[in-house]
Protein chains: 4
Amino acid sequence: MPSKNLIDEMIAQAKISKKQTDKQQKVVDAAIKIFAEKGFANTSTSEIAEEAGVAEATIFRHYGTKDNLLLSITLPFLKDLIPRMAEELFSELMSQSPATFEQFIRGLLKNRIEFIKENKEIFQVLVKEVMYREEFKQELKPLVSEILVQHFIKIIEEFKERGELIEKASPIILRMFVTFLFGYITSRFILLTDNFVTDEEAELDEVIDFIMNGLKK
Amino acid sequence: MPSKNLIDEMIAQAKISKKQTDKQQKVVDAAIKIFAEKGFANTSTSEIAEEAGVAEATIFRHYGTKDNLLLSITLPFLKDLIPRMAEELFSELMSQSPATFEQFIRGLLKNRIEFIKENKEIFQVLVKEVMYREEFKQELKPLVSEILVQHFIKIIEEFKERGELIEKASPIILRMFVTFLFGYITSRFILLTDNFVTDEEAELDEVIDFIMNGLKK
Amino acid sequence: MPSKNLIDEMIAQAKISKKQTDKQQKVVDAAIKIFAEKGFANTSTSEIAEEAGVAEATIFRHYGTKDNLLLSITLPFLKDLIPRMAEELFSELMSQSPATFEQFIRGLLKNRIEFIKENKEIFQVLVKEVMYREEFKQELKPLVSEILVQHFIKIIEEFKERGELIEKASPIILRMFVTFLFGYITSRFILLTDNFVTDEEAELDEVIDFIMNGLKK
Amino acid sequence: MPSKNLIDEMIAQAKISKKQTDKQQKVVDAAIKIFAEKGFANTSTSEIAEEAGVAEATIFRHYGTKDNLLLSITLPFLKDLIPRMAEELFSELMSQSPATFEQFIRGLLKNRIEFIKENKEIFQVLVKEVMYREEFKQELKPLVSEILVQHFIKIIEEFKERGELIEKASPIILRMFVTFLFGYITSRFILLTDNFVTDEEAELDEVIDFIMNGLKK
DNA sequence: AATGAATGAGACTTCATTCAT
DNA sequence: CATGAATGAAGTCTCATTCAT
């Protein structure tokens, strides 16, 4: 299962298209780190420059504006890498033809949690900025509706046919599922910075059990 | 079930203790509105002053610093009103001795969703700033652990004894429940500003069904 | 020898002319204290109000402007009390018909040092502000030239006639004398706040000896 | 006898250590000029910027705070240049092995008065701020006690041995001498801005005569 | 490509002063 | 007389951005 670090991918991609320089890379690293920690608006370009060991002017030489630096960091993520990886992920997950919906979720979660762990910082930047920037929401919408919804609905339908899932409208099933996932991920990776989960496998069991069976005896 | 608007409560309380002036109230109103919309860091005091129809100096006369304005808006909320209302809520919910856990959740959700709807803006300010301010996290911790956890565990235990809930460690049950609720509320009131829920009762049924029975057939 | 505290005099005088109120007095006291300590420009009216236990507006009710408060404190001092006391002093000193110039200086110094000690704060305010305010210099000039010079020259001439003083132009004698006195007083009461002089009489002996005989063997 | 202008020295020194820019120099010049005239607290940074022909932000780029600008102007003076020049001065004065104490004083005064004349403004800034800033007093103390006292006591002792000075405790001799000098310099260069001394040599004669012989016939 | 210097715009904040009560 | 509230003007300082080298 490919869970390459997104920043590595970005570097790779950038190297092809734009010949990212050494200093440029340092700027991006520094920016992600500080944006994740303190948020975009609370971070000054001079701070980024210092953390990167670079002159402030260098940032503007490459990115023009501070806003554009943020977009240069986040947009490829949203527009390019996430969709591509989503495609890969789903085709991979389904090509293994998981026997049960539970197995499918387990594969999905394992993969995604690993992925988020590795890209925790850029992920934090994204989540935080989505709250303030209408543009990000707009960018996110098609991503969610086209990739996520599209694929998931198909999968849900398949498992419904197999008789594994309740007989409800697929969008409702999807929404409950996604809502829980969203709550799980944000509370774990955005709100609670300290890693409180020790046994990842046991945790996964509990999560899956809740999603599948709820809380009733 | 009392779901008084918090800002009204704040005004009431302030009138007793500190004789809030007319202009002061306008400042608070304007600040909440703009902070909620654009976030604390992206809002200038001159903007608040203009929106409030007040001189910028007036803000500082009453609140000293911009930071203190934020705290004056949010801290009473966290320290005072939320705990008090939580107490009221739980005692009320349990005094009605709900027949089933489902009934209990339904009462809780109805009450809280109404409450959040009415205080949407200040709620948004809180959630957004919790992400950036360690102080807020610190303020929130006892609130969550002492009020929420304490009460919930008791209730969960009671319904476990009645045989309505699965035989799992109560903290795990609580965590799954809260995680979903958190995801539900943030996605509904922070992320998606547009009200997409039309039939609140039907929505509630789906949510409860998911929490109780999960997705398995 | 009358060495009444100047502020007492001011109060007395004010009570006659302007019916100084209780609060007004508190303002003046506070202002003198803080001006002496931190200087006029570094003191805010709110600070004075707080120290005086009075509303800021009260200051302006009585003094109109901050500048005027300073002048109300200092000008009577310069225009009224100092001249009057100088007159008294000189007539008193000479009426005792001191046998020698040394005795005269001793009387003068004893009297003045006591006076300054008692009015240290207002004295500090004056000295500090003379540096920044041309108006004060202008106010001081006639005081110095008319009162001080006038009297002193007469006295110097008298003692020259008695053969006690060197045969130099009186203005030169005066200038040397005053220069030393000025240096002595400022260094003792403005620059070095901590009272380092323990034996006032012995100190006086040294000072007089220097003025009279210099440093040569 | 080297009586180089201190500001020139500062520039020279700065050029070696910190590459002072053209604009930076203009800021310093303007600041010294206005601080000397109106005092630190009565001078705004915008005023300095205008006088220097520089954007206000430029001041802060180089000096961070207004306070730091003052310190950057004055501290090198106190910590560095004055001590060094004092050393030079004393070694020079004594290497010429002045025949008499009078000759020594004459050399000293000539040198110092020239020095102060050339650095009148920065000198005024220093004297004015010493009154308000405890830090400055603290900075000045070792300067005075280690350089001035140390050297002077030695010299006084030497001339006492030669039988030229009265048989008094050297610290007392020193204090009288310094007190007069302090009075002389402050009254001449701080209080009375208009140059009233026309014949510098004749003036010097009078001063020395007073110090040596006092006022007695 | 990289940077040190410079800056306009605007941020937060202070302050002396006015006014209605 | 006294004051709490309010404010215009100005102050210090920050920041994203430009430019010459």
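Side chains included, hydrogens not; waters and symmetry mates left out as well; all remaining heavy atoms used. Below, read A as the first sequence line, B as the second, and so on, with proteins coming before strands; counting in each chain starts at 1.
The distance between atom CZ of C:F60 and atom C1' of F:dG8, rounded to the nearest whole Å, is 14 Å. Taking atom CG of D:N42 as the reference point, atom P of F:dA10 lies 16 Å away to the nearest angstrom. For B:E50 and E:dG10, the CD to C1' distance is 14 Å, given to the nearest whole Å. D:I48 has its CD1 atom 13 Å from the C1' atom of F:dC13, to the nearest Å. For the pair B:F40 CZ and E:dC12 C1', the interatomic distance rounds to 10 Å; values are reported in whole Å. Atom pair D:Y63:OH and F:dT12:C1' shows a separation of 17 Å (rounding to whole Å applied). A straight line from CG of D:D22 to C1' of E:dG4 spans 14 Å, rounded to a whole angstrom. Computed from coordinates, the A:E47 CD to F:dC15 P distance equals 8 Å when rounded to whole Å.
Taking the nucleotide of DNA chain F with the nearest heavy atom to each of D:K66 and A:A57, the more 5' of the two is matched to D:K66. When the nearest nucleotides of DNA chain E are assigned to B:S46 and A:I59 by heavy-atom distance, the more 5′-ward of the two goes with A:I59.
Put simply, C:R61 has no side-chain N or O that comes within less than 4.0 Å of OP1 or OP2 on F:dA2. Contact check, A:T45 against F:dA16: a side-chain N or O comes under 4.0 Å of OP1 or OP2. For E:dA2, the OP1/OP2 oxygens have a side-chain nitrogen or oxygen of A:T21 closer than 4.0 Å. Close to E:dA6, at under 4.0 Å from its OP1 or OP2, lies no side-chain N or O of D:K23. Dashed line: the shortest gap from a side-chain N or O of A:T65 to OP1 or OP2 of F:dA16 is not under 4.0 Å. Applying the 4.0 Å criterion to OP1 and OP2 of F:dA6, one finds that B:H62 has a side-chain N or O inside that range.
Residue D:L71 holds its CG atom at 12.0 Å from OH of D:Y63, rounded to the nearest 0.5 Å. Distance CD/C:E129 to OH/C:Y132: 7.5 Å, rounded to 0.5 Å. D:F136 contributes atom CZ, which lies 3.0 Å from atom OG1 of D:T74 (distance to the nearest 0.5 angstrom). Separating the CZ atom in A:R133 from the NZ atom in B:K38 is a distance of 11.5 Å, to the nearest 0.5 Å.
Looking only at side-chain heavy atoms (C-beta outward), C:I34 and C:E51 come within less than 4.5 Å of each other. Using a 4.5 Å heavy-atom threshold, the side chains of D:V125 and D:L70 count as touching.
If you check E:dA2, F:dC15, F:dC13 against the side chain of A:T58, the one that comes closest is E:dA2. Of the listed nucleotides (E:dA11, E:dT17, F:dA16), E:dA11 has the atom at the smallest distance from the side chain of B:S44. Set against E:dA16, F:dT12, E:dT3, the side chain of A:V54 has E:dT3 as its closest nucleotide. Nearest to the side chain of A:E56, among F:dT17, F:dC15, E:dA2, sits F:dT17.
C:K66 places a side-chain N or O within 3.5 Å of a backbone atom of C:T43 that can act as its donor or acceptor partner.
Salt bridge present: C:D22 and C:K26 bring a charged side-chain N and a carboxylate O closer than 4.0 Å.
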(request) Both distances under 3.5 Å, Watson-Crick or G-U wobble: on that basis, could you give the dot-bracket string for DNA chain F, with [ ] for crossing pairs and | for other-strand partners? (result) .||||||||||||||||||||
